J.: 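First the structure, then my questions, so here it is.
Since this is a predicted model, take the numbers as computed values, not measurements. Each ligand, and each atom within it, is numbered from 1 in the order the structure gives. The chain is numbered in sequence order, starting from 1.
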Amino acid sequence: MKHPQYWLLLKIAKSPKAFTFGAGLLIAALLALASATSIWWLDEARTSEKHENAIQTMQAVLAESADLLQHLATHGNLDCGHISLVHLNTHLLQSRFLREIGILDADDRLVCSSAVGRLPHPVKGNYPASTSLSGIKILVDVPLQMANKKVNATILQQGGFNAVVSPHITEDVYSSADAVWLRGATSLELLRPISAKADTLMHMRERAARASGTATHRQGLGYELITSAPDIDLVLQTQRRAGAIIQDNELLLAALLMGSVVIAALAAGTLAPYVTRLGAVQHRVRFLCREEHLVLLYQPIFDLASGKPIGCEVLMRLKEENTIWMPDQLIPTLLAAGLTKPLDYAVTRKAMRELSSLLPVQPEPFHVALNYFPASIDYEKLSTQFASQETVRKDIQICIEITEHSLSSELAREVKAFKEQGFLIAIDDFGTGYSNLKSVTNLSPNVLKIDKSLVFELEEATIRSNLIPEIVSIARAVDAMIVAEGIEKLEQVQLLADLGVQFGQGYALARPMKIKPFLAFLREKTSQAQACT
Ligand SMILES: Nc1nc2c(ncn2[C@@H]2O[C@@H]3COP(=O)(O)O[C@H]4[C@@H](O)[C@H](n5cnc6c(=O)[nH]c(N)nc65)O[C@@H]4COP(=O)(O)O[C@H]3[C@H]2O)c(=O)[nH]1
């Protein structure tokens, strides 16, 4: 199973545009969600504010009317006479919310009022009334004539007096919620009827009765807000469906959604180069340094005089789905990321497993050359990679290749340990660095590998290729074998042999191959050799 981070990076690499688009969509969706949430929050805050204002207004109305009605009741000697009506009107002039005061007889019939004076006949209105816990009787939507206008007013009744509240005040209160409940002695009563089914109303009443302070219930994509203040018998209840919220805030919502799309598009544009960079193999290379991604190629090494393969060099590629990464494409990243060791060790384990299990037993030691970065040349750790193989083959002679550029005095101690345990040491790409006889003598390698750039120019007899005889003499001086790399033309085989080079590899002789073709190649070469003898 792929590591989730690797899986994601691979997806990004495959389709950076789709990923950028996806990221843009995600940002747009998140912003849209944030916009919708703020609209919902704003709507809820507005509803809550309406409830609070209505409660405050009603608190003021009830306080003022309770004071006045109580005062009138205790006054005692008010009747429908001129002086009493003048007294009532004086109070009305000082009132903020009340527009009219009436006097009731013992049967609660209206006998006179501050606006019309004494009535020819006492009247008893038959309007549904609710009584609050504090004892004020409230009659809602009582049709009245006020200042030549027909209005539906709210009347507060207490102690034989009617107080008519300014209709626009009560209208504001009633329109601030879907349902305005009055807390009575036994249950909540609706001050003004609303159109709702009986069971819906019953559930609304139950929730309103339970609420204390401000309570919000989620209802699908909408909400229900209930506000009840402890010092007032009113409970306000408003239900807001998603449709209504959208409709009431459509302009703001449209602006926010458009803004979200624009911001998301800008963000996607800004992200695009980063996403493309994130798709680069450099970000995935640490997941690739594993055996399952390794493809090992084996390039035969020949005895130039007899044409017999005497061994091979192991070369790795990294396979990622249908892509094959060449070493040169990844080496700088591997070095920068400090991944050279896990890679080299994985190559070692895999090569040893493949060769140990598949290579037929060889009559003579078979030379297997493996490339190593300097950091990997650590006897204690690297030797366990070989030893961990189930069977250590005696006919396989391991040769550790170190490039000429990586030679250093620190390596010498490790190299010594390897040599003591029978490993061969080769200096790779020889002729490209500045090693002299002394530094080579100090290391005392078993093999010098002539760099292919020198072999390429062999026929032209350039300054570089003229180094080959010198390398041959260095090799003789330290008693090392010489392998020439990069033999691309068969004519070069004889030229190199004439210069004293014993071994070689190159496309003209054999290309690097996977294990099975490599073994088939070896079989073919062996049977050809047997046919010749
Ligand atoms: N033009 C030309 N090239 C030829 C010819 N014959 C062989 N080659 C190429 O020359 C390189 C020889 O390996 P190298 O010098 O050790 O150079 C190697 C080696 O330094 C490094 N490398 C490869 N595999 C590994 C590995 O498993 N571990 C480490 N540390 N380095 C590796 O990457 C380098 C490049 O490897 P490759 O691309 O496989 O390239 C290989 C091989 O494919 C030829 O006739 N003409």
J.: Can a cation-pi geometry be assigned to R284 and F287, taking NZ or CZ under 6.0 Å from the six-membered ring centre and within 45° of the ring axis?
T.: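 No, R284 does not lie over the aromatic ring of F287.
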
J.: For residues 11-34, which residue pairs pass the side-chain hydrogen bond (donor to acceptor under 3.5 Å, both in side chains) check, not counting sequence neighbours?
T.: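 side-chain hydrogen bond (donor to acceptor under 3.5 Å, both in side chains) check on residues 11-34 returns K14-E321.
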
J.: Taking only Lys NZ, Arg NE, NH1 and NH2, and the carboxylate oxygens of Asp or Glu, determine whether K197 and D199 approach each other closer than 4.0 Å.
T.: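 No, K197 and D199 are not salt-bridged.
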
J.: Quick one: nearest non-hydrogen protein atom to atom 10 (O) of ligand 1, plus distance?
T.: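 Minimum-distance protein heavy atom for atom 10 (O) of ligand 1 reads K452 NZ, 3.1 Å.
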
J.: Would you say atom 17 (O) of ligand 1 makes contact with the protein, given that contact here means a non-hydrogen protein atom less than 4.0 Å away?
T.: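 Protein heavy atom within 4.0 Å of atom 17 (O) of ligand 1: absent.
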
J.: Less than 4.0 angstrom from a charged side-chain N to a carboxylate O is my criterion; do E292 and K319 meet it?
T.: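 No.
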
J.: Is the shortest side-chain N to carboxylate O distance from E224 to R240 below 4.0 Å?
T.: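 No, E224 and R240 are not salt-bridged.
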
J.: Can you tell me the protein heavy atom closest to atom 33 (O) of ligand 1 and the distance?
T.: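 Atom 33 (O) of ligand 1 sits closest to the protein heavy atom P327 CB, 3.3 Å.
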
J.: Parallel, tilted or perpendicular: which fits the ring planes of F302 and F521, with parallel below 30° and perpendicular above 60°?
T.: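 Plane angle over 60°, so perpendicular.
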
J.: When the aromatic ring centroids of H293 and Y6 are compared, is their separation below 6.0 Å?
T.: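 Ring centroids of H293 and Y6 are less than 6.0 Å from each other.
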
J.: Using a strict cut-off of 4.0 Å, indicate which atoms of ligand 1 neighbour a heavy atom of G506.
T.: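 Reading through ligand 1 atom by atom, the close ones are 6 (N), 45 (O).
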
J.: Using a 4.0 Å cut-off to any heavy atom of F373, which atoms of ligand 1 qualify?
T.: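 That gives atoms 29 (C), 30 (N) of ligand 1.
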
J.: Protein non-hydrogen atoms only, distance under 4.0 Å: does atom 40 (O) of ligand 1 have such a neighbour?
T.: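 So atom 40 (O) of ligand 1 lacks protein heavy-atom neighbours under 4.0 Å.
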
J.: Between L334, I331, L335, D429, flag the one that comes closest to atom 21 (C) of ligand 1 by a heavy atom.
T.: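 The nearest heavy atom belongs to I331.
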
J.: Nearest protein heavy-atom contact for atom 14 (P) of ligand 1: which residue, which atom, what distance?
T.: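 Result for atom 14 (P) of ligand 1: D428 OD2, 3.7 Å.
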
J.: Minimum distance, heavy atoms only, to atom 28 (N) of ligand 1: which one of L330, L315, D344 is it?
T.: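 It is D344 that holds the nearest heavy atom.
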
J.: Quick check: N371 and ligand 1, any N/O pair under 3.5 Å apart?
T.: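 N/O-N/O distance under 3.5 Å: yes.
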
J.: Provide, to 0.1 Å, the distance between atom 35 (C) of ligand 1 and the closest protein heavy atom, together with that atom's residue and name.
T.: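 Nearest protein contact, heavy atoms only, for atom 35 (C) of ligand 1 is D328 OD1, 3.9 Å.
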
J.: Just to confirm my output: which protein heavy-atom neighbour is closest to atom 37 (P) of ligand 1, and how far is it?
T.: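 Closest protein heavy atom to atom 37 (P) of ligand 1: R317 NH2, 3.8 Å.
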
J.: Counting only heavy atoms, tell me which of M316, M326, K341 gets closest to atom 38 (O) of ligand 1.
T.: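 When every heavy atom of M316, M326, K341 is considered, M326 comes closest to atom 38 (O) of ligand 1.
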
J.: Closer than 4.0 Å to some heavy atom of Y372 - which atoms of ligand 1 meet that?
T.: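 Under 4.0 Å from Y372, ligand 1 has these atoms: 30 (N).
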
J.: With a cut-off of 4.0 Å, which atoms of ligand 1 are near a heavy atom of P512?
T.: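 So the atoms of ligand 1 that pass are 43 (O).
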
J.: Examine ligand 1 and decide if any of its atoms is less than 4.0 Å from a heavy atom belonging to Q505.
T.: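 Checking ligand 1 against Q505, which is what was asked, there is no heavy-atom contact under 4.0 Å.
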
J.: Determine whether the aromatic ring centres of F423 and F386 lie less than 6.0 Å apart.
T.: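 Between F423 and F386, the centre distance is under 6.0 Å.
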
J.: Closer than 4.0 angstrom: is that true for some heavy atom of R511 and an atom of ligand 1?
T.: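 For ligand 1, residue contact (heavy atoms, under 4.0 Å) with R511 is absent.
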
J.: Decide whether an N or O pair under 3.5 Å exists between Q299 and ligand 1.
T.: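 Among all N and O atoms of Q299, at least one is under 3.5 Å from an N or O of ligand 1.
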
J.: Going through the checks in order, is the side chain to side chain contact (heavy atoms under 4.5 Å, CB included) test met by S176 and N53?
T.: CA-CA 9 Å; S176 68; N53 289 343; over 6 Å; no

J.: May I ask you to check whether E488 has an N/O atom sitting below 3.5 Å from an N/O atom of ligand 1?
T.: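 It does: an N or O of E488 is found under 3.5 Å from an N or O of ligand 1.
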
J.: For the pair L296 and K514, evaluate side chain to side chain contact (heavy atoms under 4.5 Å, CB included) and give the outcome as yes or no after the intermediate values.
T.: CA-CA 6 Å; L296 299 186; K514 283 194 187 166; over 6 Å; no

J.: State which residue, out of I245, L252, L225, fulfils the side chain to side chain contact (heavy atoms under 4.5 Å, CB included) condition with D43.
T.: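 Between D43 and the candidates, side chain to side chain contact (heavy atoms under 4.5 Å, CB included) is satisfied uniquely by I245.
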
J.: Return the closest protein heavy atom for atom 9 (C) of ligand 1 as residue, atom name and distance.
T.: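 Ranking protein heavy atoms by distance from atom 9 (C) of ligand 1, first comes Y507 OH, 4.1 Å.
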
J.: Salt-bridge test for E485 and K449: reply yes if a basic N is under 4.0 Å from a carboxylate O, no otherwise.
T.: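 Yes.
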
J.: For V347, counting its heavy atoms only, list the atoms of ligand 1 lying under 4.0 Å from any of them.
T.: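 What qualifies from ligand 1 is 27 (O).
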
J.: Identify whether the distance between the nearest side-chain nitrogen and carboxylate oxygen of K452 and E313 falls below 4.0 Å.
T.: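 No.
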
J.: For atom 12 (C) of ligand 1, what's the nearest protein heavy atom and its distance?
T.: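 Ranked first by proximity to atom 12 (C) of ligand 1 is E485 OE2, 3.8 Å.
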
